[in-house]
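This one's a predicted model, so the numbers in the text were calculated from it and none came from an experiment.
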There are 2 protein chains.
Amino acid sequence: MEEGTSKEPSDSCCTVDAFQWDTREDCDVRQILDRIGDKWSLLVIALLDTRCMRFTELKKTIDGISQRMLTVTLRQLERDGLVSRTVHPVVPPRVDYELTPLGVTLHATIQSLVTWTETHQSEIAAARAKYDAASS
Amino acid sequence: MEEGTSKEPSDSCCTVDAFQWDTREDCDVRQILDRIGDKWSLLVIALLDTRCMRFTELKKTIDGISQRMLTVTLRQLERDGLVSRTVHPVVPPRVDYELTPLGVTLHATIQSLVTWTETHQSEIAAARAKYDAASS
DNA sequence: CTGGATCCCACATGATACTG
DNA sequence: CAGTATCATGTGGGATCCAG
């Protein structure tokens, strides 16, 4: 590598032509990607985008999620300011979750990716079939 | 499962209002999400969007990636039809990788997510700081 | 009803050695 | 140069029990 004084030329960035891309594992894009790329976050965001929901309601709706992961997921989303958590001081406890304005904008942005997927899924399936056939 | 009134208890989909979301672990969106959400794919796509690159070139440019993971990542992207692999019959071997038209459109779509992240990173950082402060 | 605390495992990724 | 094969490991996520 380069000199010992400075860690790296661009401090964990790689520069290609005029294009710069952050390769740090904790870069901003990476953090959001880890969030929407995990197993449940996107699903929770999509559901909360339709309306405010309670904990158990989410758990029942999202088929297969464990209590633990729903809690963990919601905590992460809350920490990122994407979801708001409202505790009603009643017995039994009632907690409402809903998307924040920030969360709404994220979901809107992700929609373009969903649309892309729906548009090109057949191409991908075809590419996979071709690849798998060729390698057999 | 089907006790009484239950109507197809989300065999693989959950329906909320007029909104339907596929909760299957192997749904189309999930597959693409797993791809762009993994550790290296998006980085490879971004680099190849700038220009065609060789294996070693990618390895040198992407700081921290192992040979194995670069190979695995490229194979997956190739299988999905996002990246094309060209072997030149020379010695020593030379293999060029480049984005397919499909891969280019995916990268373009992802850009909006990157832009969103850059736009809202400060809000997220603030939300996290607030959350962490409150929970201490 | 909400969700914290533990235990545990599968799997994605890393490290290393070998090869056409 | 461009991989493949093998072994090691950190962690995401499931199952379960407990608590306010």
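- The nearest whole Å value for the distance from the CG atom in B:D38 to the C1' atom in C:dT13 is 10 Å.
- Atom pair A:Q67:CD and D:dC18:C1' shows a separation of 11 Å (rounding to whole Å applied).
- Computed from coordinates, the A:L58 CG to C:dC1 C1' distance equals 13 Å when rounded to whole Å.
- Residue B:Y97 has a polar side-chain atom (N or O) positioned under 4.0 Å from OP1 or OP2 of D:dG3.
- Distances were taken from every side-chain heavy atom of A:M69 (C-beta onward) to each of D:dG13, C:dG14, D:dA2; the shortest belongs to D:dG13.
- Remark: B:E98 does not engage B:R54 in a salt bridge, criterion side-chain N to carboxylate O under 4.0 Å.
- For A:L74 and C:dG4, the CG to C1' distance is 14 Å, given to the nearest whole Å.
- The side chain of A:T71 places no N or O atom within less than 4.0 Å of a non-bridging phosphate oxygen (OP1 or OP2) of C:dG3.
- Side-chain nitrogen and oxygen atoms of B:R85 include at least one within less than 4.0 Å of the OP1 or OP2 phosphate oxygen of D:dG3.
- A close approach under 4.0 Å does not occur between any side-chain nitrogen or oxygen of A:S66 and OP1 or OP2 of D:dA15.
- Of all nucleotides listed (D:dG14, D:dA2, D:dC17), D:dG14 comes nearest to the side chain of A:W40.
- Of the side-chain N and O atoms in B:R75, one or more sit less than 4.0 angstrom from OP1 or OP2 of D:dG3.
- Considering B:V72, B:T73, B:T71, B:L77 as possible partners of B:R75, the one that fulfils the side-chain contact (heavy atoms from CB on, under 4.5 Å) test is B:T71.
- Comparing B:E57 and B:R68 against DNA chain D, the residue whose closest nucleotide sits nearer the 5' end is B:E57.
- A salt bridge does not link B:E123 to B:K130: none of the charged nitrogens lies less than 4.0 Å from a carboxylate oxygen.
- Two residues, A:G37 and B:R54, neighbour DNA chain D, and the one matched to the more 5' nucleotide by heavy-atom proximity is B:R54.
- Note: CG (A:D34) to P (C:dT13) measures 11 Å, nearest angstrom.
- Rounded to whole Å, atom P of D:dC1 lies 14 Å from atom CE of B:M53.
- The A:V95 side chain lies nearest to C:dG3 when the options are D:dC1, D:dG13, C:dG3.
- Regarding A:I62, its CD1 atom lies at a distance of 14 Å from the C1' atom of D:dG13, rounded to whole Å.
- In this structure, A:K59 atom NZ and D:dG14 atom P are separated by 10 Å, rounded to whole Å.
- Distances shorter than 4.0 Å separate some side-chain N or O of B:K39 from OP1 or OP2 on C:dG14.
- At least one side-chain heavy atom of A:W40 sits under 4.5 Å from a side-chain heavy atom of A:L43.
- For the pair B:R30 and B:D34, the salt-bridge criterion is met [side-chain N within less than 4.0 Å of a carboxylate O].
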